Amino acid sequence: VSVFQQVPLAPPDAIFNLTNQFKADTDPKKINIGVGAFRTDELKPYVLPVVKKAKAILFDDETLDHEYQPIAGQKSYTNAAVKLILGQDSPAIKENRYAGVQTISGTGANHTGALFLSLFYNKSKKCYISNPTWANHRNIFSLVGFEVEDYAYWNPETRGLDYEGLLKSMRDAPEGSIYVLHACAHNPTGVDPTREQWKGIAKVMREKNLFPFFDCAYQGFASGDLDNDAWAVRYFVEQGFELFVCQSFAKNFGLYGERAGNLTIVTKSTEEAQRVLSQFEKLQRSEISNPPAFGSRIVDIVLNDAALYKEWTENLKYMSSRIMEMRKALYENLIQLGTPGTWNHITDQIGMFSFTGLKASQVKVLKEKYHIYMTENGRVSMAGVSTTNVDYLAKAIDDVVR
Ligand code: PLP
């Protein structure tokens, strides 16, 4: 009898399964608006020009070897990542009460942060995630033993934020619970709290001693401006919160496969930051030993060179602008067709995704009749929309909602 006899078959991952179905589809009109990866208007993957330059620098560098990286990553990398999210004038940086750990992209930052909290955070075993959220949040926090609950976020009536519901959830949550907050460009809804609303959220979190666990996978993608997109995190730091921020360089550097991420930790004191970092190093050792070098070296080169940094912000502008143009084009097409319903949420929402409000049954027809692949919850990855397929997409949506 096999030792694996008891292993049940797990279902395939919804998003990657969708991509496989898309790849197998031979219809020339097919569209992939499932996975959240940027595409050019020709629907090709985009290697950022600044990344090409950084790669050339790396390949020409005769001094580079292939030794192990430090357990928590190179300081030049983690410090640059911390500075990027907290801002160089951050009180946490000035007062030297922060730490950075290089992680396996944003997923690894979420996992390592959650793992640390499962071992060292004793105020609550409850972790709250937005309803809806990135599919992996629940997996990651349950895996390390948290009781994962939803907090109200999306209001289907207004196709906007359920602000009152969110605050109520926080007021009702046990003291000290962990709240996973999307720093910007909420996935999947594309709806972020306003600055006034963030202030209200911080106030209730302070009253209830809730722990802010920020997930920042789209800095620079939401508004096209890195500082603007970091506003909420910086506000919480100014308000004196201790917090974690997960950073991914998958989307904003187009380094999806290289797995370059960082976990930024803000503490009350330098000494505390040192203790916390030492435990992260211990955890990291048993999980991956040393973080990967290639992607982080590219990010390190760009973030630490003024000219390349500037070029990166221009590359980011190109990506965010193309997405905004496609939002406008899809909206205008639907209006022109007189498609039933209101569609202004498509242009109001920000970031990579649009939460269309399409039902699972409609999504199914889009796939079967039109070869348009999107997640069941009606989320459209705007990066898969182009000037050549937007008419077809709008007509198909028009058909399924009538
Ligand atoms: N967090 C959110 C909200 C995301 O949308 C994503 C990617 O889709 C991630 C984290 C992590 O992505 P990665 O591990 O590729 O950096």
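Note that the structure is predicted; figures quoted are calculated from it, not measured. Atoms within a ligand are numbered from 1 in the order they appear, just like the ligands themselves.
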Student: For ligand 1, which atoms, with element, lie under 4.0 Å from some heavy atom of Ala217?
Tutor: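 Those qualifying, in numeric order: 1 (N), 2 (C), 4 (C), 6 (C), 9 (C), 10 (C).
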
Student: When Asn110 is tested against each of Leu263, Thr103, Asp215 for side-chain contact (heavy atoms from CB on, under 4.5 Å), which residue passes?
Tutor: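 Only one of Leu263, Thr103, Asp215 forms a side-chain contact (heavy atoms from CB on, under 4.5 Å) with Asn110, namely Asp215.
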
Student: Distance alone, cut at 3.5 Å: any donor-acceptor contact between the side chains of Asn262 and Thr264?
Tutor: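 Per modelled atom types, Asn262 and Thr264 side chains form a pair under 3.5 Å.
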
Student: For atom 3 (C) of ligand 1, what's the nearest protein heavy-atom neighbour? Residue, atom name and distance, please.
Tutor: Asp215 OD2, 3.4 Å

Student: Taking Val266's backbone N and O only, do any of them form a donor-acceptor pair with Arg97's side chain (distance below 3.5 Å, no angle check)?
Tutor: no

Student: Output the list of atoms in ligand 1 that are nearer than 4.0 Å to some heavy atom of Asn187, sorted by atom number.
Tutor: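 Matching atoms, with element in brackets: 4 (C), 5 (O).
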
Student: Indicate yes or no for a side-chain donor-acceptor contact from Asn389 to the backbone of Ser386 under 3.5 Å, with no hydrogens or angles considered.
Tutor: yes

Student: I'd like to check which ligand 1 atoms, numbered from 1 as shown, lie under 4.0 Å from a non-hydrogen atom of Ala250.
Tutor: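 In order of numbering, the contacting atoms are 15 (O), 16 (O).
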
Student: Give the residue and atom name of whichever protein heavy atom lies nearest to atom 9 (C) of ligand 1, and the separation in Å to one decimal.
Tutor: Trp134 CZ2, 3.4 Å

Student: Quick test: of every protein heavy atom, which one is nearest to atom 13 (P) of ligand 1, and how far off is it to 0.1 Å?
Tutor: Ser105 OG, 3.4 Å

Student: Give the atom numbers and elements of ligand 1 that come within less than 4.0 Å of a heavy atom of Ser248.
Tutor: 13 (P), 16 (O)

Student: Within the structure, does Tyr218 bring an N/O atom to less than 3.5 angstrom of an N/O atom in ligand 1?
Tutor: yes

Student: Does Gly106, backbone or side chain, put an N or O under 3.5 Å from an N or O of ligand 1?
Tutor: yes

Student: Output yes when a side-chain donor or acceptor of Ser381 lies under 3.5 Å from a complementary backbone atom of Val35, and no otherwise.
Tutor: yes

Student: Report yes or no: does a heavy atom of His186 sit under 4.0 Å from some atom of ligand 1?
Tutor: no

Student: Does any N or O atom in Arg259 lie less than 3.5 angstrom from one in ligand 1, N or O only?
Tutor: yes

Student: Can a donor-acceptor pair be found, under 3.5 Å and without considering hydrogens, that links the side chain of Glu272 to the backbone of Lys268?
Tutor: yes

Student: Of the listed options (Thr107, Val35, Ile140), which comes nearest to atom 14 (O) of ligand 1 when hydrogens are ignored and any heavy atom counts?
Tutor: Thr107

Student: For Glu314, is there an ion pair with Lys310 - N to carboxylate O distance below 4.0 angstrom?
Tutor: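 Judged by the 4.0 Å cut-off on N to carboxylate O distance, Lys310 and Glu314 do form a salt bridge.
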
Student: Considering heavy atoms of the protein only, find what lies nearest to atom 8 (O) of ligand 1 and give residue, atom and distance to 0.1 Å.
Tutor: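 Result for atom 8 (O) of ligand 1: Lys251 NZ, 3.0 Å.
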
Student: Can Arg39 be said to sit on top of Tyr46's aromatic six-ring, NZ or CZ under 6.0 Å from centre and within 45° of the ring axis?
Tutor: no

Student: Determine whether the aromatic ring centres of residues Phe236 and Phe214 are separated by less than 6.0 angstrom.
Tutor: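 Phe214 vs Phe236: aromatic centres under 6.0 Å.
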
